[in-house]
Amino acid sequence: MTAANDPIAELRSAVDRAALALRDGEPTGPAPTLERPPKAELGDYSSNAAMLLAAPMGENPRDVATRLAAELGEQLGEETVERIEVAGPGFVNLFLADAWYRRAMASLAAAGERGLGPEPTAMPERVLVEFVSANPTGPLHIGGGRHAAYGDSLVRLLEAVGHEVEREFYVNDAGGQIGRFAASIAARMRGEEPPEDGYEGAYVGDLGKQIAAEGIDPGDLEAVGRRGVELVLEIVRGTLDRFGVHFDNWVSERDLYSRGEVDAALAQLEREGHTYRSEGALWLRTTSFDDDKDRVLIRANGEPTYLAADVAYHWDKLERGFGRLIDVFGADHHGYVARLRTSIAGLGADTDRFEALIMRLVHIVESGERAQMSKRSGEFVLLDELLDDIGADATRWFMLWRSHDTTVDLDLELARRQSNDNPVYYVQYAHARIASILRKAELEPEQVVPGAGIETPGSTLEPTERELVKRLLEFPGEVREAAIRRAPHRICAYSTTVAADFHGFYRDCKVIGAEGEGVERSRLALSLLVKRTIAGSLGLLGISAPERM
RNA sequence: GCCCCGAUAGCUCAGCUGGAUAGAGCGACUCCCUCCUAAGGAGUAGGCCGCAGGUUCGAAUCCUGCUCGGGGCGCCA
């Protein structure tokens with residue numbers, strides 16, 4: 001929707017003009033709000049403008065509100081606004097006329113299938129979102145699934161508001177755990193148990209069989225490890241594929257070393273004077289950036305730490321021209337964030353461009369009890385297992401519907417249920433229900449939409465219709481807010497509300513065969529607009545919007 | 001000890017850059033299909049918004065202190 005035909009913007013600017021008129025053209029302080037009041041009897045929209053004006057004008061808020069209401073009435077005209085009331089401490093409440101709703105529907109219809117979202121941001125950025133980045137030493141657990149769902153949805157949100165975004169998976173294919181991984185596979189190839197600190201899972205044996213079949217010598221740990229990582233990544237990629245998550249880039253830690261990027265980053269830190277040698281190790285002076293102790297970059301044994309590679313990696317990201325780096329980390333990494341941030345500062349980069357989002361854990365719950373199954377206790381349930389059980393749509397939903405900084409208890413019993421108790425089906429059902437209505441009407445979308453703003457002489461809009469229109473108008477703002485706050489869960493909540501409003505409308509308003517001139521077409525059009533909005537919302541979550549259920 | 005997160009209905013959580021009588025889902029209890037998908041809807045019950053101060057015309061929301069819970073404080077990744 002463009003600003004020119006945005007019915008909310010129309011109201012907002014009328015409020016601004018009225019406020020300005022009361023102040024004789026003097027600029028006002030903070031911009032007045034225009035929001036939905038908590039109760040229907042308080043009107044369609046409401047503004048706090050009078051309360052903001054009262055202080056600088058030295059007057060009672062309610063008196064200011066009364067004058068503002070009169071001014072606003074003139075600005076909008078009888079055609080648009082039925083009445084304006086002053087209420088509470090000085091709110092100005094607008095009760096809009098059907099004509100305004102008609103225009104709103106027409107502008108939603110004009111926005112078309114893809115235009116229901118927000119206007120592109122005035123300040124688009126090139127954003128890199130790094131997420132999942134699970135160690136390539138085994139299949140993805142459900143924790144990785146939450147990261148995948150969240151990161152992917154975040155990218156969709158950022159793109160929806162006009163940023164240019166890439167998805168990236170960092171492959172930790174260097175370091176100690178790869179050695180232990182290789183040793184574990186090699187042990188299985190020889191028919192032995194993996195070492196004490198090795199990898200136990202059954203997949204390790206499978207990998208061993210395949211690697212042996214390819215003629216690789218278990219004595220060549222380098223080759224075993226390399227091939228093992230490749231095979232695990234194939235598995236991971238397959239799982240992500242099922243889940244509908246596709247990465248633009250897979251960046252290998254090992255490549256950072258072989259391209260000399262780690263050395264280059266360390267040299268840069270050294271030049272900037274942020275490193276020193278002590279106890280045989282190379283240290284990064286992170287304490288000069290508020291860390292509570294300095295950190296090791298190169299161990300006394302000459303091996304670089306994970307941090308050394310990660311500094312190089314983030315340097316590389318910045319070199320690639322991204323204006324914003326978003327890292328999605330697990331809860332166990334949060335202590336690490338400050339370290340990484342200070343390292344980035346040490347390289348002379350602007351730390352405001354770096355953002356670390358911490359994901360809390362996922363617990364699997366069954367019938368209210370925290371599941372304690374041997375194979376699937378806590379977060380060690382495989383994502384593939386969960387997908388087998390409840391499917392990609394429900395998995396996505398239950399991974400996303402809570403804020404990323406709160407622990408999710410995923411109730412398998414609820415997620416499995418294909419009924420109204422299950423919120424994901426509730427929303428999808430609304431979409432399918434509308435599809436069914438439209439099928440029954442035997443009209444193509446092109447035939448329906450032009451009727452969106454159609455006049456219905458002799459009949460007025462039902463309250464549930466008005467409610468629905470206002471809800472649809474919230475969509476762009478919801479998307480913008482969800483993107484800014486990095487909060488896909490808001491879209492879950494919003495889509496549930498849209499679905500609930502639709503079901504209410506469906507109850508009160510007969511669509512097909514509705515009486516009155518233009519009423520049926522108007523309602524069909526409204527239904528189609530709801531369908532598009534639900535599809536758009538679910539799309540931001542990576543969840544399908546079925547035509548039939 | 002230090003750092004990060006949380007604390008809102010019986011349960012799981014929204015709401016948090018200040019606004020009016022604090023919301024949703026689940027669970028509990030009542031009802032509603034000769035009617036476009038009952039995978040739906042209507043209703044009832046259920047709250048010291050952790051505690052105590054502060055800022056404000058106004059605080060679940062902002063500030064301070066405290067309590068409780070989770071996580072983190074490696075020359076692991």
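Each chain gets a letter, A, B and so on, in the order the sequences are listed, and its residues count up from 1.
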In whole Å, measure the gap between the [atom1] atoms of [N] and [M] for me.
| N | M | atom1 | value |
| --- | --- | --- | --- |
| U8(B) | A24(B) | C1' | 13 Å |
| C29(B) | G15(B) | P | 31 Å |
| G46(B) | A52(B) | P | 23 Å |
| G65(B) | C73(B) | P | 25 Å |
| G6(B) | U64(B) | P | 14 Å |
| A60(B) | C48(B) | P | 14 Å |
| C68(B) | U21(B) | P | 35 Å |
| A7(B) | G43(B) | C1' | 31 Å |

A430(A) vs A493(A), nearer the 5' end of RNA chain B by closest nucleotide: A493(A)
Given RNA chain B, 5'-ward residue of the pair I358(A) and R36(A), judged by closest heavy atom: I358(A)
With no hydrogens and no angle check, do the side chains of [X] and [Y] hold a donor and an acceptor under 3.5 Å apart?
| X | Y | value |
| --- | --- | --- |
| R146(A) | H404(A) | no |
| D327(A) | H333(A) | no |
| Q177(A) | Y306(A) | no |
| Y425(A) | D393(A) | no |
| D405(A) | S403(A) | yes |

State which of [options] makes the closest approach to the side chain of [X].
| X | options | value |
| --- | --- | --- |
| E41(A) | G19(B), A38(B), U21(B) | U21(B) |
| T406(A) | G19(B), C13(B), U17(B) | C13(B) |
| M549(A) | U17(B), U12(B), A39(B) | A39(B) |
| R490(A) | C16(B), A38(B), A20(B) | C16(B) |
| H489(A) | C36(B), A38(B), A14(B) | A14(B) |

Across all strands shown, which nucleotide pairs with [N] by Watson-Crick or G-U wobble geometry, both distances under 3.5 Å?
| N | answer |
| --- | --- |
| G50(B) | C66(B) |
| A28(B) | U44(B) |
| A60(B) | none |

Which residue, N48(A), T33(A), L34(A), forms the side-chain contact (heavy atoms from CB on, under 4.5 Å) with V15(A)? L34(A)
Per-nucleotide protein contact string for nucleotides 70-77 of chain B, where B marks a base within reach and S marks sugar-phosphate only (heavy atoms under 4.0 Å, - for neither): BBS--BSB
Scan [X] against the nucleic acid and name what it touches under 4.0 Å (heavy atoms): base, sugar-phosphate only, or nothing.
| X | result |
| --- | --- |
| E520(A) | nothing |
| T496(A) | nothing |
| E547(A) | base |
| K440(A) | sugar-phosphate |
| R548(A) | base |
| R485(A) | base |
| P61(A) | nothing |
| A87(A) | base |

Using a 90° cut-off around 0 for syn, call C33(B) syn or anti.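 This nucleotide is in syn.
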Using a 5.5 Å cut-off between ring centres and planes within 30 degrees, is F91(A) stacked on the base of G19(B)? no
Do H431(A) and F502(A) have their ring centres less than 6.0 Å from each other? no
So, do F247(A) and F131(A) have ring centers that fall under 6.0 Å from each other?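 Centroid distance F247(A)-F131(A): below 6.0 Å, so yes.
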Which whole-number value in Å describes the distance from [X] [atom1] to [N] [atom2]?
| X | N | atom1 | atom2 | answer |
| --- | --- | --- | --- | --- |
| D501(A) | A42(B) | CG | C1' | 15 Å |
| F398(A) | C26(B) | CZ | P | 11 Å |
| Y494(A) | G25(B) | OH | P | 17 Å |

On the side chain of N93(A), is there an atom forming a donor-acceptor pair with the base of A20(B) - under 3.5 Å, no angle test? yes
Pairwise side-chain contact, R486(A) with Y150(A), heavy-atom cut-off 4.5 Å (strictly under): yes
Residue-phosphate contact under 4.0 Å: Y426(A) side-chain N/O, G41(B) OP1/OP2: yes
For A42(B) and R507(A) - does any side-chain N or O of the residue sit under 4.0 Å from the phosphate oxygens OP1/OP2?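 R507(A) to A42(B) OP1/OP2: side-chain N or O found under 4.0 Å.
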R226(A) and E222(A): CA distance, side-chain angles, deciding distance, salt bridge (charged side-chain N to carboxylate O under 4.0 Å, His left out) verdict: CA-CA 6 Å; R226(A) 190 189 300 266; E222(A) 167 75 25; 2.7 Å; yes
